[in-house]
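The structure appears right after this line, and notes come after that.
Atoms considered below: every heavy atom in the structure, side chains included; atoms not considered: hydrogens, waters and symmetry mates. Keep in mind that what you see is a predicted model, and the values were worked out from it rather than measured. Along the sequence shown, residues carry numbers from 1.
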Amino acid sequence: MPRVLLLIPTRSYRAPDFMDAAAKLGIEVVVGSDARSPLEALNGGRTVGLDFAHPDTGASEIEAFARTHPLDTIVAVDDAGALIAARAARRLELPYNPVSAVEATRNKSLLRERLAAAGLPSPAFHVLRTSDDPRPAANALAYPVVLKPLALSASRGVIRADDADAFVDAFARVCAILASDEARAECGAELADRVLVEGYIPGTEVSLEGLLDHGRLRVLALFDKPDPLDGPFFEETIYVTPSRLPDADQRLVAETAERACAALGLVDGPVHAELRLNADGAYAIDIAARSIGGLCARTLSFGTGMSLEELLLRHAIGADVPSFERQSAAAGVMMIPIPAGGTLRGVAGVATAEAVPLIESVTISMHVGSRITPLPEGSEYLGFIFARGEGPAAVEAALRSAHAALRFEIA
Ligand code: ADP
């Protein structure tokens, strides 16, 4: 039985779905997490605490663990573990993407450099230090632009600015986000004092879920994002698959994503890519060496009911993948946006929302009593609404009706 190290930080939504898939496959799983358990030494190597904030230390910890519990493969379930996995895999000579490729997915300025150098459509970009005076840059830029931290996620700190004054305000806001201990830990000290500024790319945004095998990208699903993402903040809401884009556009998206992966040096495993399409072509906005985040993977089912997690684990251990075909129904998810900051006092209307035709489930992931923070400072969702049905338009409409039935009391 192969032994798989699954890297799952405590704040990940994905532990249960990966664990279910592993149990189904009968794989021996070790969970590597940022939570250290005093019982670790007693649990027979089923968990290992790792330093997620310092990928090199985390990789050394994996190397030490593997001396007593040999590993066959490492799977990082989200961004936080990708670099640790790559470094540990290199030391243990396990198959994985090259470290330099994964580094480029974890550093948005390096990503821009590599994509531009490979001749992919790219916006102008440059990097400021958080200690810089933003005025000289503000006066020299061609607007609109987007400011973003180098290594945060879920659109946190991503702000569009349309003129110099808005730029100066946005810069201060991104710097304030980057000043928190928790954001510094997520970015890593090296990247936390920098802000990427890039040209705003207009167009239609899609999200591609794919699997690389020897550098070839197989598209597992292409999601439309039917809500406009024009800024100034970029809150993810609805994802619906299959895409309603013309076939030629879908092909262009897939080709561009594959070229982007090649430019970074990614060759194996899951890819989650955001791209924008406009009259000039397809632009890669972000490329991540992991699968889709949150609980969104629950929209996907392959062959006769295989989950995305099962498909990825099968790929990771080199087992047969019986089908890469997504089940034919349209499917969608709404990441429930945070309407206002404060304390979540109550949620009503869940049963009504779940009763909307085509709605499969409504999951509220924030607990009543917790502090909630909207974008650009926050990075969480109130929850997820899932729908499945005949076509993407009907699925999208069902998600909107279900959302309209929900009431959030925020004090
Ligand atoms: P994160 O990794 O935090 O999600 P991204 O770089 O993917 O950050 O940006 C989040 C969202 O912001 C994108 O999905 C897109 O909607 C928007 N965005 C980011 N950069 C640009 C850009 N240069 N032009 C237009 N929109 C952008």
Look up atom [atom1] in [X] and atom [atom2] in [Y], then write down how far apart they are to the nearest 0.5 Å.
X      : Y      : atom1 : atom2 : answer
Glu190 : Leu150 : CD    : CG    : 10.0 Å
Asp193 : Leu128 : CG    : CG    : 11.5 Å
Thr299 : Met334 : OG1   : CE    : 14.0 Å
Asp286 : Glu205 : CG    : CD    : 9.5 Å
Leu311 : Leu300 : CG    : CG    : 9.5 Å
Thr57  : Asp51  : OG1   : CG    : 5.0 Å

Any side-chain donor near an acceptor of the partner, Thr237 and Asp227, under 3.5 Å: yes
Assess, by modelled atom type and distance only, whether the side chains of His315 and Asp268 contain a donor and an acceptor separated by less than 3.5 Å.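 A pair is found: one side chain offers a donor N or O, the other an acceptor, under 3.5 Å apart.
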Can the positive tip of Arg112 be found less than 6.0 Å from the middle of the six-membered ring of Phe125, inside 45° of the ring normal? no
Using the six-membered ring of Tyr200, assess whether NZ or CZ of Arg160 lies under 6.0 Å from its centre and within 45 degrees of the ring axis. yes
Work out which heavy atom in [X] is nearest to a heavy atom in [Y]; give both atom names and the distance.
X      : Y      : result
Ser379 : Arg156 : CB-CD, 3.5 Å
Phe386 : Leu399 : C-CD2, 4.2 Å
Phe167 : Leu147 : CE1-CD2, 3.6 Å
Leu266 : Ile287 : CD1-CG2, 3.9 Å
Pro392 : Arg244 : CB-NE, 3.4 Å
Ser12  : Val77  : OG-CG2, 3.8 Å

Please say whether more than 12 non-hydrogen atoms of neighbouring residues, nucleotides or ligands are located less than 6.0 Å from CD in Glu28.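 Above 12, so yes.
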Please check if the number of heavy atoms outside Asn139 that lie under 6.0 Å from its CG is greater than 12.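 Enclosed: over 12 neighbouring heavy atoms sit under 6.0 Å from CG of Asn139.
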Counting C-beta onward and ignoring hydrogens, is there a side-chain heavy-atom pair between [X] and [Y] closer than 4.5 Å?
X      : Y      : answer
Thr204 : Asn278 : no
Val347 : Arg407 : no
Ile62  : Ile74  : yes
Ile177 : Ser180 : no
Val31  : Arg46  : no

Under 4.0 Å between a Lys/Arg side-chain N and an Asp/Glu carboxylate O for [X] and [Y]?
X      : Y      : value
Lys108 : Glu198 : no
Glu396 : Lys225 : no
Glu255 : Arg251 : no

May I have all residue pairs that pass salt bridge (Lys or Arg N to Asp or Glu O under 4.0 Å) and include part of residues 11-23, sequence neighbours excluded? Arg11-Glu186, Arg14-Glu309, Asp17-Arg298
Just by modelled atom types, is the Asp79 backbone N or O under 3.5 Å from a matching donor or acceptor in the Arg106 side chain?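 Judged by distance alone, yes, a pair lies under 3.5 Å.
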Is a side-chain donor or acceptor of Asp224 paired with a backbone partner of Pro226 at a separation under 3.5 angstrom? no
If you take the centroid of each ring, where Trp contributes its six-membered ring, are Tyr13 and Phe384 closer together than 6.0 Å? yes
Hey, can you pull the donor-acceptor pairs under 3.5 Å for the side chains in residues 351-363, sequence neighbours left out?
from	atom 1	to	atom 2	distance (Å)
Glu354	OE2	Val362	N	2.9
Glu360	OE1	Arg388	NE	3.4
Glu360	OE2	Arg388	NE	2.7

